[in-house]
Amino acid sequence: MNKKFYITCAIPYVNAAPHIGHALEFVQGDVIARYHALLGEDTLLLSGGDENALKNVQAAEKAGVPVHKFIDDNTKKFLELTTALGCRFDVWQKGSDQEHHFVASQKLWQLCDKAGDIYKKSYEGLYCVGCETFYTADELDENGECFEHPGKKLEKVSEENYFFRLSKYQKQIIDLISKDKLKIIPDTRRNEVLSFLKQPLQDISISRSNARAKNWGVPVPGDDSQRMYVWFDALNIYQSGIGFGWDEKQYEKWWPADVHVIGKGISRFHAVYWPAFLLSAGLATPKSIFVHGYFTVNDQKMSKTLGNVIDPFELIKKYGADALRYYFLREIPSSADGDFSERRFKELYNSDLANGLGNLIARVAKLAENNNVLIKNDQSDEINSLWNDVQPIVESFRFNEALSLIWGAVTGLDRYINNERPWQKELSDDSKKLSNYVVITNAVNQIISIAQVLKPFLPETAKKILDQFKGPTIKSQPPLFPRLT
RNA sequence: GCCAGGGUAGCUCAGUGGUAGAGCAGCAUCUUCAUAAGGUGACGGUCGUGGGUCCGACCCCCACUCCUGGCACCA
């Protein structure tokens with residue numbers, strides 16, 4: 001049986017349309033998945049919708065649309081984005097899916113309950129009626145009022161909720177992370193989590209009253225008056241999507257996750273809460289968590305109020321999916337924050353895609369055509385030396401370095417062609433003709449190697465190149481990446 | 001406020017106790033197979049500020065300053 005590799009991307013809120021931050025994460029997950037698939041592993045890439053948050057209900061009410069419809073409409077946009085980006089998700093698990101996700105989450109709850117880790121306690125907090133949300137003191141303005149509803153006093157409300165004994169698992173989690181059994185990448189995030197774990201953990205509330213949850217979300221088993229707190233069920237999408245609670249055989253095959261790909265804002269939920277729930281339930285913990293950064297736009301934070309939220313669909317329409325993928329993977333350090341600017345995007349597009357890769361393909365194709373080069377390469381996914389060099393870099397998620405290495409090969413091939421000058425036309429000289437032929441054949445083979453390695457990063461482009469150089473004859477074709485002006 | 005990481009050529013970044021590196025942009029030059037593309041070369045930095053250790057620091061220590069992130073029941 002093949003080795004398996006299970007990757008997840010974080011489950012986004014579906015209370016608004018996706019932005020480029022989502023796109024970045026989808027692409028990173030997709031690269032990892034495609035890479036492992038190329039290694040011949042059984043690969044599964046999953047994401048889904050965090051649909052049980054109260055915010056979704058509120059957003060739907062604001063839009064005047066039934067919650068289910070609201071969520072389904074937004075989900076559609078997320079799915080369209082994955083397709084437009086050329087990302088191959090195997091599963092998109094909806095949080096509102098009762099048949100699978102509710103069943104799975106109730107099972108997780110029951111396992112934690114059986115372990116004695118769930119108990120009832122009354123919770124007291126400041127409740128804003130306008131927002132229908134609890135706030136902590138530091139989330140309020142100087143008058144102790146919420147920013148959305150100034151002038152409105154918050155109510156002290158107390159409510160019985162279920163709590164989870166997070167404190168019980170502190171030592172085990174520290175052990176998992178410090179021994180890299182749960183590997184957190186990069187180190188800065190790992191250190192952050194470990195330093196957070198130096199303080200005593202408090203138990204967390206994992207349910208809400210029906211009234212407060214507006215009867216939305218996963219019902220707590222055995223208590224009709226409560227719904228699960230979103231993070232308890234949301235993280236469990238990683239399990240419910242692969243059969244937990246409804247197809248044990250499938251679940252056995254895929255769990256535990258090999259990598260959770262997430263944004264830096266939610267590392268604690270994944271590195272602390274999630275392993276705690278799993279330990280309590282007696283289930284395996286994920287093997288690693290890869291944490292990426294956030295986007296700034298022209299060096300400013302992305303925000304709706306600034307109006308600088310970038311729509312990934314527009315960029316794809318304008319420049320193509322692979323161009324956007326290239327920007328994400330090459331320009332954004334894979335585990336740190338990155339900036340997006342259209343100026344920089346065009347710069348990179350022209351220098352690397354149009355002048356670099358695209359032009360190289362065009363010149364070699366034309367040389368091969370002019371010299372009637374015949375290719376008898378079978379183009380199997382053979383291992384080449386470039387692939388060997390790229391492999392360890394991809395496995396540590398340093399996509400920008402991997403691409404930089406591949407572009408070194410592009411430049412190297414340009415240099416080789418310049419030095420050998422295989423366009424010289426002294427065709428009367430047979431030995432010259434032969435040497436041209438050899439040089440061009442070498443170049444074609446090198447291009448095929450480059451295209452093979454590009455498969456996980458720029459799948460559409462890799463395919464186009466491999467098709468063009470499939471042989472036996474090679475024809476010149478329109479540019480892969482027309483130069484931008 | 002506390003903790004962590006960072007401030008190196010116009011831009012994105014790499015770097016080591018011993019006279020500063022790459023890519024991109026700009027400039028010059030060679031070449032024409034190619035998307036006015038490709039090759040080569042030069043130009044370009046008092047390596048955040050001020051001290052200290054050392055024969056010698058961008059790399060070690062101290063102070064300051066600016067940026068980013070984390071500091072839980074917020075998703």
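First the proteins, then the strands, lettered A, B, ... as listed; each starts at 1. Hydrogens, waters and symmetry mates are skipped; everything else that's a heavy atom, side chains included, is used. This structure is a prediction, so every number in the text was calculated from the model and none was measured.
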At 4.0 Å (heavy atoms only), tell me whether [X] reaches a base, stays on the sugar-phosphate, or touches nothing.
X         : answer
Arg268(A) : base
Leu480(A) : base
Pro12(A)  : nothing

Checking contacts here: which listed nucleotide ([options]) is nearest the side-chain heavy atoms of [X]?
X         : options                   : result
Arg421(A) : rG38(B), rG69(B), rU32(B) : rU32(B)
Ser351(A) : rC73(B), rC33(B), rC24(B) : rC24(B)
Arg415(A) : rG39(B), rC33(B), rC73(B) : rG39(B)
Leu367(A) : rC73(B), rG39(B), rC33(B) : rC33(B)
Ser205(A) : rG69(B), rC73(B), rU35(B) : rC73(B)
Phe481(A) : rG39(B), rU31(B), rU35(B) : rU35(B)

Can you tell me which stems RNA chain B forms, taking runs of 3 or more consecutive Watson-Crick or G-U pairs with both distances under 3.5 Å?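 For RNA chain B the paired stretches long enough to count as stems (3 pairs minimum) are B:1-7 with B:65-71, B:10-13 with B:21-24, B:27-30 with B:38-41, B:48-52 with B:60-64.
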Parallel, tilted or perpendicular: ring planes of [X] versus [Y], cut at 30 and 60 degrees:
X         : Y         : value
Phe277(A) : Phe164(A) : perpendicular
Phe232(A) : Trp109(A) : perpendicular
Trp92(A)  : Phe26(A)  : perpendicular

Suppose you measure atom P in rC60(B) against the same atom in rC43(B); what distance do you get, rounded to whole Å? 30 Å
Assuming nearest nucleotide by heavy-atom distance, tell me which of Phe269(A) and Gly358(A) is located more 5' along RNA chain B. Gly358(A)
First of Leu166(A) and Lys264(A) reached from the 5' end of RNA chain B, by closest nucleotide: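 Looking at RNA chain B, the more 5' nearest nucleotide goes with Lys264(A).
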Between the side-chain atoms of Asn418(A) and the base atoms of rG38(B), is any donor-acceptor pair under 3.5 Å? yes
Spacing between [X] atom [atom1] and [N] atom [atom2], to the nearest angstrom:
X         : N       : atom1 : atom2 : value
Phe469(A) : rC33(B) : CZ    : P     : 17 Å
Phe196(A) : rA72(B) : CZ    : P     : 7 Å
Glu347(A) : rG10(B) : CD    : P     : 14 Å
Asp352(A) : rG38(B) : CG    : C1'   : 14 Å

Does one side chain, of Asp223(A) or Tyr162(A), offer a donor that lies under 3.5 Å from an acceptor on the other? yes
With sequence neighbours excluded, tell me which residues meet ring-ring contact (aromatic ring centres under 6.0 Å, His included) with Tyr327(A).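 Counting only residues at least two positions away or on another chain, Tyr327(A) forms a ring-ring contact (aromatic ring centres under 6.0 Å, His included) with Phe340(A), Phe345(A).
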Residue pairs passing the side-chain hydrogen bond (donor to acceptor under 3.5 Å, both in side chains) test with at least one member in residues 354-364 of chain A, sequence neighbours excluded, are Asn355(A)-Arg483(A), Arg363(A)-Asp414(A), Arg363(A)-Asn418(A)
Quick one: does NZ or CZ of Arg330(A) land under 6.0 Å from the six-membered ring centre of Phe399(A), within 45 degrees of the ring axis?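 Not satisfied by the 6.0 Å and 45° rule.
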